Amino acid sequence: MTFALVDANNMYVSCERVFNPKLENRPVVVLSNNDGMAVARSAEARALGIKMAEPWFKWKHLAKQHGIVALSSNYALYADMSNRMMKVLAQFSPDQEVYSIDECFLGMDGFKHLDLVAYSHEIRRRVKQWVGLPVCVGLAETKTLAKLANHCAKKNLAGAGGVCDFGRMTQDELSKLFATIDVSEVWGVGRALTQKVGARGITTVESLRTADPKTLRREFSVTLERTIAELNGTQCVDLEDANPTRQQIISSRSFGAPVTELEQLREAVASYIGIAAAKARAQGSVAGMVQVYIRTNVFKPESPQYQQTQTVPLPESTSDTLQLTKAALWALKRIYKLGYAYHKAGVALLNLTDGGDGTVQKDMFSTAKDNTKLMAVMDRINATYGRGTLRSAAEGSSKEWAMKRERMSPCYTTRWDELPVVKA
DNA sequence: CTATAACTCTCAA
DNA sequence: CTAACGTTGAGAGTTATAG
């Protein structure tokens, strides 16, 4: 099987550039929620030494010095651009797995009569022209190799030019190439594994590829054994379902400023439940358990630390925001302690099951109102007018705890009122 | 004891 | 001016618990 892995170049920065061409050729960084750290960097920003996941305040001085543009993340914009990109890519193969907001796998078996490299260049050209995003393409016989080929395309290794096809290279050429690539670039090899296999002298892709799979399976995991097989061209991982039903739904955020009052935590928890419950309804699931957690700031070890989670089993599985809120607020009250500066809270909907007609186990003694219709109306209104238009009173209206996003660009593609006015 | 639930660790974007 | 460090989901493996 031949896979193509198509991945946008620093997606978030590229999205911003589509609507603000002044950002071209300049160092640009997009920040995480709360304007905390760098999650996307233009090539120019990378060249200045700004690392991925580096806290902004640590390089803010660089920003001043070199005129780096730092932007808050605008997920509404990126999600919309992603949808456009995926639609265009879907035209190139009937087999598409949307793997993340900025990349997808395409099954290429039906196109082997074509020149796949030329075909990939056409993919790049069309996505650039129709959506405005630059992408690179990696081609290979397994998903793991396709990811690696994409890495080479991006780094312009193996004479890439935005497309890298391992199928066109000999085993000898591949071995030489792999010997120059750090093992941490391999899909599935993260920080911890890099350390551990490094201690056994495995530091390059080539040394992992040629390592003994049985030994590594024994010492590490079956996952690593599969990775080694995939690096050697034996396919272990197939294309997956595009929109699998989630087994759990989490909503959590750090606060814009420390929170000490229970009332504020209640608003935050209620808001997160609002988000999570809407997601559950959207996929037709009901939750059997709700989990709530709160924590202080781990990056401030000098201030008193506290962290706690509480799980509540529900008498009857539900996706009703009001019932779930009630359960979550009860859990919150159990774990809340006065005297701490809370930094983050979150909720999780667990034990999700299919909420389809009549399959939910009912609670014989339940006195809860059936809010199914209310929820349906709420979802419709919020779909039209934006999330939070209709919400539970428990969410409050001040939202003093809400995250910081001080440098956000307009939602160019999803909000008329944020379109910049062009003077004639 | 086994089967499974619950939890921990790791990884990815 | 100050202080300031993401979110969501999955899978594997281990430990706790029920029966």
Side-chain angles (χ1 to χ4, degrees), chain A residues 5-12 29-41 50-61 63 70 72-73 75 78-79 82 97-105 143-144 147 150-151 183-197 217-227 236-237 240-241 243-258 272 275-276 279-280 283 285 288-289 291 293 295-303 309 311 313 341 343-352 403-407:
Chain A
L5 190 270
V6 187
D7 191 321
N9 303 350
N10 42 63
M11 169 85 170
Y12 296 172
V29 175
V30 173
L31 303 170
S32 68
N33 275 357
N34 261 316
D35 295 344
M37 52 209 221
V39 293
R41 307 154 297 155
I50 293 170
K51 301 271 184 303
M52 198 65 167
E54 196 163 38
W56 185 32
F57 70 89
K58 286 191 178 172
W59 49 267
K60 209 171 175 180
H61 65 283
S72 303
S73 37
Y75 285 107
Y78 311 149
S82 173
E97 175 189 341
V98 177
Y99 179 69
S100 74
I101 193 164
D102 77 327
E103 66 186 296
C104 79
F105 290 101
K143 286 168 86 173
T144 305
K147 290 276 280 186
N150 186 278
H151 166 80
V183 70
S184 63
E185 299 296 344
V186 175
W187 191 33
V189 179
R191 214 178 42 190
L193 260 183
T194 300
Q195 276 290 316
K196 288 186 212 159
V197 299
R217 166 166 193 161
R218 216 179 321 110
E219 289 186 47
F220 300 101
S221 70
V222 63
T223 324
L224 188 60
E225 184 186 30
R226 278 202 287 261
T227 297
C236 305
V237 188
E240 274 166 42
D241 234 9
N243 288 324
T245 328
R246 299 289 170 217
Q247 301 166 28
Q248 54 172 4
I249 295 171
I250 297 174
S251 179
S252 70
R253 266 162 211 31
S254 306
F255 301 128
Y272 303 160
I275 295 168
K279 268 196 202 176
Q283 69 166 23
S285 298
M289 290 209 290
Q291 186 173 67
Y293 81 89
R295 69 170 319 144
T296 53
N297 191 345
V298 277
F299 294 104
K300 275 188 173 179
E302 69 280 8
S303 56
T309 76
T311 310
H343 172 253
K344 183 175 181 178
V347 305
L349 304 184
L350 309 170
N351 282 11
L352 293 182
M403 68 173 160
K404 203 160 58 173
R405 290 162 108 181
E406 289 173 348
R407 325 171 64 84

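Just so you know, these numbers use all the heavy atoms, side chains as well, and skip hydrogens, waters and symmetry mates. A note on names: the letters A, B, ... follow the listed sequences, proteins ahead of strands, and every chain is numbered from 1. All of these numbers come straight from a predicted model, not from anything done at the bench.
Scored by the side chain to side chain contact (heavy atoms under 4.5 Å, CB included) test, I275(A) finds S251(A), R253(A), R387(A) as partners (sequence neighbours excluded). Residues satisfying the side chain to side chain contact (heavy atoms under 4.5 Å, CB included) criterion with A348(A), sequence neighbours excluded, are I250(A), Q291(A), L350(A). Residues that satisfy the salt bridge (Lys or Arg N to Asp or Glu O under 4.0 Å) test with K279(A), not counting sequence neighbours, are absent from this structure. In terms of the side chain to side chain donor-acceptor pair (under 3.5 Å) criterion, residue partners of E225(A) (sequence neighbours excluded) are, by chain and number, K214(A), R217(A). Scanning for side chain to side chain contact (heavy atoms under 4.5 Å, CB included) contacts around D102(A) gives D7(A), A8(A), M11(A), S100(A), with sequence neighbours left out. S252(A) is linked by a side chain to side chain donor-acceptor pair (under 3.5 Å) to nothing, counting only residues two or more places apart in sequence or in another chain. When the side chain to side chain contact (heavy atoms under 4.5 Å, CB included) test is applied to F57(A), the partners found at least two apart in sequence or on another chain are P55(A). Residues satisfying the ring pair (Phe, Tyr, Trp, His ring centres under 6.0 Å) test with Y99(A), not counting sequence neighbours, are F105(A), W187(A).
As a whole-Å value, the separation of R246(A) CZ from dT7(C) P is 18 Å.
Between R253(A) and dT8(C) there is a side-chain polar atom (N or O) within less than 4.0 angstrom of OP1 or OP2. Put simply, K147(A) has a side-chain N or O that comes within less than 4.0 Å of OP1 or OP2 on dA13(B). Under 4.0 angstrom from either OP1 or OP2 of dT7(C) there lies no side-chain N or O belonging to S251(A). For K344(A), a side-chain nitrogen or oxygen approaches OP1 or OP2 of dT7(C) to under 4.0 Å. For the OP1/OP2 pair of dC5(C) and a distance below 4.0 Å, the side-chain nitrogens and oxygens of N297(A) include at least one atom meeting the criterion.
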Task: Worked verdict on K196(A) versus E219(A) for salt bridge (charged side-chain N to carboxylate O under 4.0 Å, His left out) - done: CA-CA 10 Å; K196(A) 288 186 212 159; E219(A) 289 186 47; over 6 Å; no

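Stretches of at least 3 consecutive Watson-Crick or G-U wobble pairs, with each checked distance under 3.5 Å, appear in DNA chain C as B:1-13 with C:7-19.
Residue M37(A) places its side chain closer to dC5(C) than to any other of dC5(C), dA12(B), dT8(C). Picking from dT7(C), dA13(B), dA12(C) the nucleotide with the shortest atom distance to the side chain of R226(A) gives dA12(C). Considering only side-chain atoms of K58(A), the nucleotide from dC5(C), dG9(C), dA12(C) that sits closest is dC5(C). If you check dG6(C), dG9(C), dA13(B) against the side chain of N33(A), the one that comes closest is dG6(C).
At a threshold of 4.0 angstrom between heavy atoms, the contacts of D35(A) with the nucleic acid are absent. Backbone-only engagement by E103(A) is indicated by non-hydrogen atom pairs under 4.0 Å involving sugar-phosphate atoms exclusively.
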Between protein and nucleotides 1-3 of chain C, what N or O pairs are separated by less than 3.5 Å?
none

Could you run down the sub-3.5 Å N/O contacts of the protein with nucleotides 13-19 of chain C?
{"from": "dG13(C)", "atom 1": "OP1", "to": "V222(A)", "atom 2": "N", "distance (Å)": "3.3"}

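Residues of residues 187-195 of chain A that place a heavy atom closer than 4.0 Å to DNA chain B, in numerical order, are W187(A), G188(A), V189(A), G190(A), R191(A), A192(A), L193(A).
V29(A) has its side chain out of reach of W56(A): every pair of non-hydrogen atoms, C-beta onward, lies at least 4.5 Å apart.
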